[in-house]
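Report on the structure given below.
Worth knowing before you read on, the calculation uses all heavy atoms, side chains too, and leaves out hydrogens, waters and symmetry mates.
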Amino acid sequence: MIENQAMYKISYGLFMLTTTDGEKQNGCIVNTVSMITDNPKRVVVFVNKANYSNELLKKTGIFNVSVLTEKTSFEVFKQFGFQSGKDVDKFADKAYPTTENGLKYLSQANAVISAKVVDSYDYGTHTLFVAEVTEAKTLSDENSTTYEYYQNHIKPKPQAKVEEGAKEKWVCKICGYTHEGELPADFVCPWCKHPASDFEKVS
């Protein structure tokens with residue numbers, strides 16, 4: 001079943017993308033999902049090639065997107081992050097509902113959309129996947145969140161207070177994780193898996 005109201009909720013926002021390798025499911029947060037045709041209902045999703053989810057979409061061609069809301073907790077952003085990796089099972093420790101395609105989705109969302117990839121295009125660092133919607137349902141009337149709202153209201157603000165003799169501190173601009181001490185060039189954020197280049201020095 002495809003609910004039109006659920007489709008409207010992807011007009012803008014942040015989304016949790018669920019993919020699978022056929023056995024294990026993975027997920028990451030993306031910020032580009034748009035409807036491009038109404039009959040048939042098709043969407044496009046941009047996925048960074050550095051994300052394992054990019055490989056999974058090319059392999060199995062099915063996915064869910066959960067539309068995140070302004071009430072989505074920071075714990076969700078910590079758990080799923082803006083990148084996905086091969087060695088992480090982000091759905092392992094909790095029970096999640098599934099759609100008709102068998103993929104899990106986030107109940108802390110206002111809508112979930114399932115789709116099957118019908119085409120893809122290479123855009124350098126990203127792949128654009130064109131997919132036909134197979135299911136769409138509304139979960140709540142809460143407002144969708146945006147990256148700006150996430151930055152201003154959900155992500156914790158870094159503590160820039162400097163104490164005498166304290167080590168330098170770095171904060172991840174993506175998820176707010178704070179690292180104390182020297183920041184190696186090959187450092188990877190343990191929360192969202194972004195590289196050292198996405199950190200800024202706060203003390």
Shortest non-hydrogen contact from [X] toward [Y]:
{"X": "A109", "Y": "L139", "value": "O-CB, 3.4 Å"}
{"X": "E135", "Y": "T99", "value": "OE1-CB, 3.3 Å"}
{"X": "S11", "Y": "Y8", "value": "OG-O, 2.7 Å"}
{"X": "K9", "Y": "S144", "value": "O-OG, 3.2 Å"}
{"X": "T60", "Y": "G22", "value": "CG2-N, 4.1 Å"}
{"X": "H179", "Y": "F199", "value": "CB-CE2, 4.2 Å"}

Flag the pair [X] / [Y] as yes when at least one side-chain heavy-atom distance between them is below 4.5 Å, and no otherwise.
{"X": "V44", "Y": "T32", "result": "no"}
{"X": "Y105", "Y": "P97", "result": "yes"}
{"X": "N26", "Y": "T18", "result": "no"}

C172 backbone acceptor or donor facing E200 side chain under 3.5 Å: no
Side chain T20, main chain K24, donor-acceptor under 3.5 Å: yes
Value rounded to 0.5 Å, distance of [atom1] in [X] from [atom2] in [Y]:
{"X": "K59", "Y": "Y52", "atom1": "NZ", "atom2": "OH", "value": "6.0 Å"}
{"X": "K58", "Y": "L56", "atom1": "NZ", "atom2": "CG", "value": "11.5 Å"}
{"X": "Q25", "Y": "K90", "atom1": "CD", "atom2": "NZ", "value": "13.5 Å"}
{"X": "L106", "Y": "T69", "atom1": "CG", "atom2": "OG1", "value": "8.5 Å"}
{"X": "Q151", "Y": "T145", "atom1": "CD", "atom2": "OG1", "value": "10.5 Å"}

F77 ring center within less than 6.0 Å of Y150 ring center: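 Ring centroids of Y150 and F77 are less than 6.0 Å from each other.
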Shared hydrophobic cluster for [X] and [Y] (ILVMFWY, side-chain gaps under 4.5 Å):
{"X": "F15", "Y": "F80", "result": "no"}
{"X": "L57", "Y": "M35", "result": "yes"}
{"X": "Y149", "Y": "M16", "result": "yes"}

T138: partners by side chain to side chain donor-acceptor pair (under 3.5 Å), with sequence neighbours left out: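 Residues passing side chain to side chain donor-acceptor pair (under 3.5 Å) with T138: E3.
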Those residues that, when tested against K116, pass side chain to side chain donor-acceptor pair (under 3.5 Å) (two or more places apart):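 Once residues adjacent in sequence are excluded, K116 has no partner under the side chain to side chain donor-acceptor pair (under 3.5 Å) criterion.
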Qualifying residue for salt bridge (charged side-chain N to carboxylate O under 4.0 Å, His left out) with K201, from E182, E180, E168: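 So, applying the salt bridge (charged side-chain N to carboxylate O under 4.0 Å, His left out) to K201 and each of E182, E180, E168, only E168 qualifies.
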Parallel, tilted or perpendicular: rings of Y177 and F187 (30°, 60°):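 Plane angle under 30°, so parallel.
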Step-by-step side chain to side chain donor-acceptor pair (under 3.5 Å) determination, K71 to N143: CA-CA 8 Å; K71 292 185 178 179; N143 292 330; over 6 Å; no
Pair S140, N110: side-chain N/O donor-acceptor within cut-off below 3.5 Å: no
Under 3.5 Å side-chain donor-acceptor pair for S53 and N51: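 No - no donor-acceptor pair under 3.5 Å links their side chains.
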Intermediate values then yes/no, salt bridge (charged side-chain N to carboxylate O under 4.0 Å, His left out), E75 and K78: CA-CA 5 Å; E75 294 301 313; K78 280 173 57 178; 3.6 Å; yes
Check residues 123-134 and write down every donor-acceptor pair under 3.5 Å in which the side-chain atom is one partner and the other belongs to a residue at least two apart or another chain.
from : atom 1 : to   : atom 2 : distance (Å)
T127 : OG1    : N54  : OD1    : 2.9
T134 : OG1    : S114 : O      : 3.4

Test log, rule side chain to side chain contact (heavy atoms under 4.5 Å, CB included), inputs I113 and I10: CA-CA 9 Å; I113 294 164; I10 64 169; 3.3 Å; yes
